[in-house]
Amino acid sequence: MSDSEEESQDKQLKIVVVGDGASGKTSLATRFAQEAFGKQYKQTIGLDFFLKRISLPGNLNVTLQVWDIGGQTLGGKMLDKYVYGAHGVLLVYDITNYQSFENLEDWFSMVKKANEESDIQPVISLVGNKIDLEHMRTVKSDKHQRFCQENGLISQFVSAKTGDSVYLCFQRLAAEILGVKLNKAELEQSQRVVKADIVNYSQDTVARTVNPPRSSMCVVQ
Ligand SMILES: Nc1nc2c(ncn2[C@@H]2O[C@H](COP(=O)(O)OP(=O)(O)OP(=O)(O)O)[C@@H](O)[C@H]2O)c(=O)[nH]1
């Protein structure tokens, strides 16, 4: 088979990422497409695009066209057009910001309305981001689960910062859109190990001597 024939078999899926400003949409898309993370917040004006090719079971290669939509666009004129015709939608909120979860109702309604006239109805996933900040969580996990059950959404928790479950999040969405089943091994393989930040012990010596940690755990990849 020639290269062009092989390429032409690649499916392209339009994946739209929406949710409140600063919930971590750009970070999620950048972590997925470029394996990078920036701590600095830079507001997305309008939208950004990312392309990434992934593999699904059965030697199926899919190119995901990720549309990262600025959180400030809710209520804007162009939003319907950005979301129209999406195969998949990630509804992102920040687990440490309750308002970002509450506002998902509006984002969800907008997604449904924008696709009323479309031939394809998107598969939608609820994504609780920033799970590296579990100690600051303000949105209980059962609230998240209830929202998923009531609206037939895929449920995912991720950290764009550590990369935890980010690949899986996109892979599960693509698999669901294409009706491909991921087996347990594939699911586990995609669930990336959380990388811990490096602690600068030289500056931390006094605190550690006064109050030494009772236990510690480190994962090496
Ligand atoms: N701790 C932590 N911080 C995160 C995570 N994801 C994003 N952030 C931070 O949250 C801030 C906002 O992230 P963005 O990705 O710019 O948020 P956004 O949803 O794209 O924002 P808009 O462009 O306004 O729509 C940045 O300072 C990120 O570094 C995460 O998983 N954990």
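Along the sequence shown, residues are numbered consecutively beginning with 1. Just so you know, these numbers come straight off a predicted model, no measurement behind them. Whatever order the structure lists them in is the order used to number ligands and atoms, beginning at 1.
- For Lys112 and Phe108, the positive end sits near the middle of the six-membered ring, less than 6.0 Å away and at most 45° from its axis.
- Checking only distances, Gln43 never comes within under 3.5 Å of ligand 1, N or O to N or O.
- Ranking the protein heavy atoms by distance from atom 21 (O) of ligand 1 puts Ala22 N, 2.9 Å first.
- Ion pair Glu116/Lys113 not flagged as a salt bridge, since none of the NZ, NE, NH1 or NH2 atoms sits closer than 4.0 Å to an Asp/Glu carboxylate oxygen.
- The backbone N or O of Ala160 sits less than 3.5 Å from a side-chain atom of Asn129, completing a donor-acceptor pair.
- Taking 4.5 Å as the limit, some side-chain heavy atom of Val166 sits within range of a side-chain heavy atom of Leu28.
- Contacts between Thr30 and ligand 1 below 4.0 angstrom, taking non-hydrogen atoms only, are absent altogether.
- For ligand 1, the polar-atom distance check against Gly38 finds a nitrogen or oxygen pair separated by under 3.5 Å.
- Looking from atom 23 (O) of ligand 1 to the surrounding protein, the closest heavy atom is Thr44 N, 2.6 Å.
- Relative to atom 9 (C) of ligand 1, the option among Lys42, Gln40, Lys130, Lys161 with the closest non-hydrogen atom is Lys130.
- In terms of polar-atom proximity, defined here as any N/O pair under 3.5 Å, Gly19 makes no such contact with ligand 1.
- Rounding to the nearest 0.5 Å places NZ of Lys130 at 7.5 Å from CG of Asn97.
- When only non-hydrogen protein atoms are considered, atom 17 (O) of ligand 1 lies nearest to Gly24 N, 3.2 Å.
- The part of Lys39 lying near ligand 1 is the backbone, judged by heavy-atom distances below 4.0 Å.
- Residue-ligand proximity, Leu133 to ligand 1, at heavy-atom distances under 4.0 Å covers atoms 1 (N).
- Arg53 places no side-chain N or O within donor-acceptor distance of the main-chain N or O of Leu64, the cut-off being under 3.5 Å.
- Close N/O approach between Gly71 and ligand 1 is found [any backbone or side-chain N/O within under 3.5 Å].
- Checked against a 3.5 angstrom limit, the closest N/O atoms of Leu28 and ligand 1 fall outside it.
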> Where do Thr96 and Arg137 land on the side-chain contact (heavy atoms from CB on, under 4.5 Å) test, with the steps shown first?
Replying inline: CA-CA 4 Å; Thr96 71; Arg137 179 191 274 274; 5.6 Å; no
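- When each atom of ligand 1 is checked for a heavy atom of Gly70 under 4.0 Å away, the hits are 25 (O).
- For Phe101 and His144, the gap between ring centers reaches or exceeds 6.0 Å.
- The shortest contact between atom 19 (O) of ligand 1 and any protein heavy atom is with Lys25 NZ, 2.7 Å.
- A cation-pi geometry, defined here as NZ or CZ lying under 6.0 Å from the six-membered ring centre and within 45° of its normal, does not hold between Arg172 and Phe157.
- At the top of the distance list for atom 16 (O) of ligand 1, counting protein heavy atoms only, stands Tyr41 CD1, 3.2 Å.
- Using a distance-only test at 3.5 Å, with no hydrogens or angles considered, no donor-acceptor pair links the side chain of Thr44 to the main chain of Leu47.
- Checked by atom type and distance alone, the side chain of His87 pairs as donor or acceptor with a backbone atom of Lys14 at under 3.5 Å.
- Remark: minimum distance from atom 6 (N) of ligand 1 to any protein heavy atom is reached at Asn129 ND2, 3.2 Å.
- Atom 14 (P) of ligand 1 has its closest protein heavy atom at Ser27 OG, 3.6 Å.
- Each of the atoms 21 (O), 22 (P), 24 (O), 25 (O) of ligand 1 lies under 4.0 Å from some heavy atom of Gly21.
- Backbone and side-chain nitrogen or oxygen atoms of Asp68 are examined, and none is located within less than 3.5 angstrom of a nitrogen or oxygen of ligand 1.
- A heavy-atom separation below 4.0 Å is found between Asp20 and ligand 1.
- Any N or O atom pair closer than 3.5 Å counts here, and Ala160 shares at least one such pair with ligand 1.
- More than 12 heavy atoms of other residues, nucleotides or ligands shown are found within 6.0 angstrom of CD on Gln34.
- At a heavy-atom cutoff of 4.0 Å, ligand 1 is contacted by the side chain of Asp132 but not by its backbone.
- Taking a cutoff of 4.0 Å between a charged side-chain nitrogen and a carboxylate oxygen, Asp68 and Lys25 do not qualify as a salt bridge.
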